[in-house]
Structure formats: structure tokens, C-alpha cells
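What you are looking at is a predicted structure, and each value in this text was computed from that prediction instead of being measured. One-based numbering, in listed order, for ligands and for the atoms of each. Worth knowing before you read on, the calculation uses all heavy atoms, side chains too, and leaves out hydrogens, waters and symmetry mates.
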Amino acid sequence: MLTSRKIIGDKKMKTIYGGLENEFSDYSGAAIAVLPVPYDGTSTWIKGADKGPEALLEASANMELYDIETDSEVYTKGIATVEPVTEASSPEAMSAEVEKRVGKLLDDGKFPVLIGGEHSVSIGAFRAFAKRYEKFSVLQLDAHSDMRSEYEGSSHNHACVMARAKESATSIVQVGIRSSASEEYDNIIPERIFHAHELRYDDEWPDRVSSLLENDVYITIDLDVFDPSIMPSTGTPEPDGLYYREVLDLLTLINENHNIIGLDVVELCPNSINKAPDFLAAKLIYQFLSLRFR
Ligand SMILES: [Mn+2]
């Protein structure tokens, strides 16, 4: 049963994921919590990832809430949109706040979905999971390996996210990578990186990704993993990326074989004219949740 959710003039509609009414967005009853982190402190080229969460949430209010592929309405499980993380004095302070907020969501039994913001917003989430899970993997979908130990004076720069993931998680797997500095290959584990160009000639790669992951998996999706033809709204677009169906098929397989414990979708840098990428990001989350909570 679909509820009427487009209430003209309701200011809240813009900032609540799915434009859900109270019954389905109230925190206490929600299985899922969306945490916006509009942080853009360390991005190096196109700025604007701080506007990502609002654009994604606004787009999400225009989705159909029935998912055809799973024949389900995941919003009925309850999807709360919680107060955004506003701490931005430094990437370290932002990460500490994200860790605290994600930890609270986990302790309250919620499935956390972070929306960025630039990629450094994931670091706090990795740490919150590391405190609560003895073993878990981080699966990264990204154009960039983000494996620098330190960048521009900070270990919490977006370019260092996966170096931090390596410290928090039992293991990591990187998918869609097509841009790295040579020094990053000191940190990269060759059998755990799936470069975009290698996927084109290999039908078995999703199974190999799955075989490298622990049972519990946290997924971090930098939207620049997608080809810029469908996802131009990122801070550092890279050609030769993945397509929507490839990513959805991978998420479907990982969900079948593993227990996905959390998700983030980061680096949406919205363009006021082309809203399609905002909608892609919003719908990707919804289709993922439809799989996860089927
Ligand atoms: Mn990236």
C-alpha cells in the first residue's frame, strides 16, 4: 500500500529520505537510519560534496517506493533520516563525530546508511564497526584507490580513506579502480584490487570479490566508481567507469553471500541543471535496501 507522500509545502519533505511520512520515518520504529554527513573539507578539485546529502534527499522524495525487482516496499521497515553531522572544524574532529553517531545507530539496532559528503566521512564509520565486530570486511567501489598513508598533511584526507579502512577492518576489497598514484601500490594488495579495465574481460570477477570477503561486510560506494556518462556529478570524474546494472548485480551477489552491516554513498557533487545523478544515488540506496531487507 502506497501512502500519499507528496505533501505540497511540507518543508520536511526535502530533507527526509524517500519523503516518508512520520509513520515510516520515525526513529524509534525504523530498521534503517540515514545519516547525512555534508562534509567537504579536504576535496582537492571540484568542490560541492557538502551539497550532496541535501540533493540526494531531495531527489529521493521523487522515487516510487515500490521496488519492481524485489516486489517489495522496503520503506515499510522504517527509514529514519537523522540529524546531519555538522562537525567540520577538522577531518579528525568530523571523523570522531561520525564514529560516535554511527556507534549510537548500531547500539540502537539500526542499519546505518551514510550519505556524503566527501569520502573521508567513511573513516568514522569504519571505526564504529571495528569496535563492535571482531571480523568484518570493507568493500570499496571507487575510481580511486585512496591508499595514501597521508595527504596534504592529514591522515584523514579523502585520499587516505582506504589506508584507514585497512587499519580498522579485517580485510578490504577494492573494485572499479582506475586512478592511483604509483606510491599507493606500496599499500595496495594486488589480489584484492579489481581495476575497472580488468573487469571488462572477466565474467568471474563478482564471485572472486565475494570469495575474498568476510561474512560481515561494510560497503563504501564513492559515486565516481560509475562512468561519468551516468554520474558526472562527482568531484573527480574518471572515464571508463562501471554502469548502474553492473553495480546493482554486484550488490545483489554480495547480499546473497554475505551479511551486509552498513553502507555509505559518498562524493555526490550536485549540478543544479542535471538532477539525474542525484536520482541515481537516491535510487541506488533504495534498490540496495530493497535487496538487503527483502
Ligand atoms: Mn573516488
Side-chain angles (χ1 to χ4, degrees), residues 37-53 55-56 91 94-95 98 113-126 138-152 154-166 168-169 172-185 187-189 192-199 209 218-244 246-247 250-251 263-271 277-278 280-281 284-285 288:
V37 192
Y39 181 75
D40 190 18
T42 74
S43 66
T44 35
W45 188 23
I46 305 163
K47 295 277 182 186
D50 54 329
K51 307 285 189 297
L56 190 156
M94 178 275 298
S95 297
V98 169
V113 178
L114 276 73
I115 53 176
E118 52 148 278
H119 210 158
S120 54
V121 309
S122 308
I123 295 170
F126 303 151
V138 172
L139 171 61
Q140 173 207 19
L141 278 66
D142 199 323
H144 309 91
S145 46
D146 293 343
M147 268 296 199
R148 285 175 162 96
S149 305
E150 198 189 285
Y151 194 61
E152 294 190 341
S154 174
S155 60
H156 288 57
N157 188 286
H158 67 95
C160 313
V161 172
M162 292 312 292
R164 301 291 80 76
K166 236 173 118 185
S168 289
I172 64 163
V173 176
Q174 308 185 274
V175 171
I177 311 303
R178 51 200 190 275
S179 174
S180 309
S182 57
E183 79 242 31
E184 292 182 65
Y185 282 85
N187 285 335
I188 286 167
I189 307 158
R192 290 184 170 272
I193 188 164
F194 292 73
H195 296 102
H197 72 277
E198 295 164 339
L199 308 182
V209 169
Y218 179 87
I219 301 181
T220 178
I221 302 180
D222 183 329
L223 289 165
D224 65 30
V225 73
F226 290 104
D227 193 80
S229 60
I230 59 165
M231 179 46 74
S233 298
T234 70
T236 41
E238 287 280 344
D240 198 22
L242 275 63
Y243 292 91
Y244 190 79
E246 288 175 286
V247 169
L250 176 65
L251 296 177
L263 172 76
D264 67 55
V265 173
V266 300
E267 296 282 358
L268 180 66
C269 181
N271 172 320
D278 309 353
L280 184 158
L284 178 68
I285 292 172
F288 164 78

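For His144, the N/O/S atom at the shortest distance from the Mn ion (ligand 1) is named ND1. Among the heteroatoms counted here (N, O or S) of Asp222, OD2 is the one nearest to the Mn ion (ligand 1). Distances from the Mn ion (ligand 1) to the N/O/S atoms of Asp224 are shortest for OD2.
At a cut-off of 2.8 Å, His119 does not coordinate the Mn ion (ligand 1) through any N, O or S atom. With a cut-off of 2.8 Å, the Mn ion (ligand 1) has no N, O or S atom of Glu238 in range. Among the backbone and side-chain atoms of Asp142, an N, O or S atom lies under 2.8 Å from the Mn ion (ligand 1).
The closest donor-acceptor contact from the side chain of Asp40 to the backbone of Gly48 lies under 3.5 Å.
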Exercise answer: donor-acceptor pairs, residues 157-166 side-chain atoms, under 3.5 Å, sequence neighbours excluded:
residue, atom, partner, partner atom, Å
Asn157, OD1, Ala159, N, 2.9
His158, NE2, Thr42, O, 3.3
His158, NE2, Thr44, OG1, 3.3
Arg164, NE, Glu167, OE1, 3.0
Arg164, NE, Glu167, OE2, 3.4
Arg164, NH1, Ser149, O, 3.0
Arg164, NH1, Ser155, O, 2.7
Arg164, NH2, Glu167, OE2, 2.9
Lys166, NZ, Asn187, O, 2.6

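Taking the ring-ring contact (aromatic ring centres under 6.0 Å, His included) definition, one finds that Tyr218 meets it with Phe126, Phe129, sequence neighbours left out.
Residues Thr220 and His119 bring a donor and an acceptor atom of their side chains to less than 3.5 Å of each other. Asp222 and His144 share no donor-acceptor pair across their side chains, judged by distance under 3.5 Å alone.
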